**Q** 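Dumping the structure here so I can ask a few things about it.
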Number of protein chains: 2
Amino acid sequence: MRKKYKYRSNCPINFTQEILGDKWSMLIIRDLMFAGKRHYGEFLKSDEKISTNILADRLGKLEHSELISKTIDKNNLSKNIYSLTSKGIDLMPILIEMISWGLNNNDKTMVPPEFLKGLQTDKIKFMKELKRAVSKAHGV
Amino acid sequence: MRKKYKYRSNCPINFTQEILGDKWSMLIIRDLMFAGKRHYGEFLKSDEKISTNILADRLGKLEHSELISKTIDKNNLSKNIYSLTSKGIDLMPILIEMISWGLNNNDKTMVPPEFLKGLQTDKIKFMKELKRAVSKAHGV
DNA sequence: CTGTATCCTTAGGGATACTG
DNA sequence: CAGTATCCCTAAGGATACAG
């Protein structure tokens, strides 16, 4: 039983960050969301090379937070299939924006083209307005 | 001189996460972006209560990553003004999506009223726009 | 191959004293 | 008040052995 955790504040950014703000959770979500990974061993094979104890811990925490769920693989009863819940899928806009920012700010980064579907022009238009306001406030 | 850091992979999500994936950096960006904070002491006053040594460290790292910049406050030569660079402002979509997800997934969370102080726009009007835009972006 | 458990090191971070 | 420095502890994480 995982200890009940008290968040540091009522800020939604802080809440999101406390759930996903470690070095690994977001990458597991990424692998589920975009790379179609489902099994334990597949997560171990990511470029960032998560170690097995950390992977087990994060899968447990993500399941506890109800971002992912696991079911037994009918084809192989000794393994689980991990998948995103709808709450986990709802993280997609965050991931998309992280991809976008990363690509724009590090030439070395790259990602398969199919990752970038879903950017919505309405949102972009709104963002431009908002960015203009903040830029002005910061004298940029 | 900060040691040159090698990222674990070429994934843009990993890159973004390595820069912002600690418990404090994102909150400093938040305070600059939405709460209009500019001075050292203001950051110390956030609900999450960052300690002074961590704050100094993160301000240094964020400046090194060129997400923020600091200039001497002409009105008080013993203090600095911290502000977002355009690279920092470009993080806004990520923060907005984090706010949206946090609000949708934790009833306790709410947007702090002081969030809009730095924006030169009417608070209520801004919130309505924000809600409408985010909802629309999510097909709601 | 799918996980768990253990050991051990390091980085993150809290408290607080201190300097200008 | 702005920022630095020090002390110390805990949590995060890496390596790897182990069990089904």
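We name chains A, B, ... by the order of the sequence lines, and we start the count at 1 in each one. For clarity, every value in this text was computed on a predicted model and none was experimentally measured.
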**Q** 5'-most contact on DNA chain C: B:S78 or A:K79, nearest heavy atom basis?
**A**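 Closest to the 5' end, via its nearest nucleotide, is A:K79.
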
**Q** Indicate whether OP1 or OP2 belonging to C:dA11 is found under 4.0 Å from a side-chain N or O atom of B:W24.
**A**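 No, no such contact exists.
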
**Q** Looking at the base of D:dT16, is there any donor atom on it, or on the side chain of A:T52, that sits under 3.5 Å from an acceptor on the other one?
**A**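 No, no donor-acceptor pair under 3.5 Å.
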
**Q** In terms of side-chain heavy atoms, does B:S65 have a donor or acceptor partner in B:K87 at a distance below 3.5 Å?
**A**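 Per modelled atom types, B:S65 and B:K87 side chains form no pair under 3.5 Å.
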
**Q** Give the rounded distance in Å between these two atoms: NZ of B:K23 and C1' of D:dG13.
**A**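 Taking atom C1' of D:dG13 as the reference, NZ of B:K23 is at 14 Å.
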
**Q** Please report the closest heavy-atom contact between B:E63 and B:S69, naming both atoms and the distance.
**A**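 Scanning both residues completely, I find the closest heavy atoms to be CG-CA, 4.4 Å.
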
**Q** Does B:Y82 place a side-chain N or O at less than 4.0 Å from the phosphate oxygens OP1/OP2 of D:dA2?
**A**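 Checking D:dA2 against B:Y82, no side-chain N or O comes under 4.0 Å of OP1 or OP2.
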
**Q** Please determine which of A:I99, A:L103, A:N104 meets the side-chain contact (heavy atoms from CB on, under 4.5 Å) test together with A:T109.
**A**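 Passing option: A:L103.
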
**Q** With heavy atoms under 4.0 Å as the rule, sort B:F43 into base, sugar-phosphate or nothing.
**A**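 Here B:F43 touches no strand at all.
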
**Q** Between P on D:dG3 and CD on B:E42, what's the gap in Å once rounded to a whole number?
**A**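 Value for this atom pair: 11 Å.
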
**Q** With respect to the phosphate group of D:dG3, does any side-chain polar atom (N or O) of B:N80 fall under 4.0 Å of OP1 or OP2?
**A**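 Yes, such a contact exists.
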
**Q** On DNA chain C, compare the nucleotides closest to B:K49 and A:N76; which residue's is nearer the 5' end?
**A**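 It is A:N76 whose nearest nucleotide is closer to the 5' end.
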
**Q** Nearest whole angstrom, please: distance from the P of D:dT4 to the CG of B:L55.
**A**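 One finds 10 Å between P of D:dT4 and CG of B:L55, rounded.
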
**Q** Report yes or no: is there a donor-acceptor pair, N or O only, under 3.5 Å between the side chain of B:D22 and the base of C:dG12?
**A**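 Per atom types, no contact qualifies.
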
**Q** In whole angstroms, how far is the C1' atom of D:dG13 from the CD1 atom of A:I28?
**A**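 Result: 13 Å.
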
**Q** Using atom CG of B:L59 as one end and atom P of D:dA2 as the other, report the distance to the nearest whole Å.
**A**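 Between P of D:dA2 and CG of B:L59: 12 Å.
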
**Q** On DNA chain D, nearest-nucleotide positions of B:K70 versus A:R58: which is more 5'?
**A**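 With B:K70 and A:R58 compared, the 5'-side residue is B:K70.
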
**Q** When the distance from NZ of B:K61 to C1' of D:dG3 is rounded to whole Å, what number comes out?
**A**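 My rounded result for the distance is 17 Å.
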
**Q** How close or far is atom P of C:dT10 from atom CD1 of A:I54, stated in whole angstroms?
**A**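 A:I54 atom CD1 is separated from C:dT10 atom P by 16 Å.
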
**Q** Does a donor on one side chain sit under 3.5 Å from an acceptor on the other, for A:T71 and A:N80?
**A**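 Per modelled atom types, A:T71 and A:N80 side chains form no pair under 3.5 Å.
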
**Q** Starting from C1' on D:dA11, measure out to CZ on A:R8 and report it in whole angstrom.
**A**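 In whole Å, D:dA11 C1' lies 14 Å from A:R8 CZ.
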
**Q** I'd like to know if the side chain of A:S9 pairs up with that of B:E48 as donor and acceptor (distance under 3.5 Å, no hydrogens or angles considered).
**A**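 Per modelled atom types, A:S9 and B:E48 side chains form a pair under 3.5 Å.
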
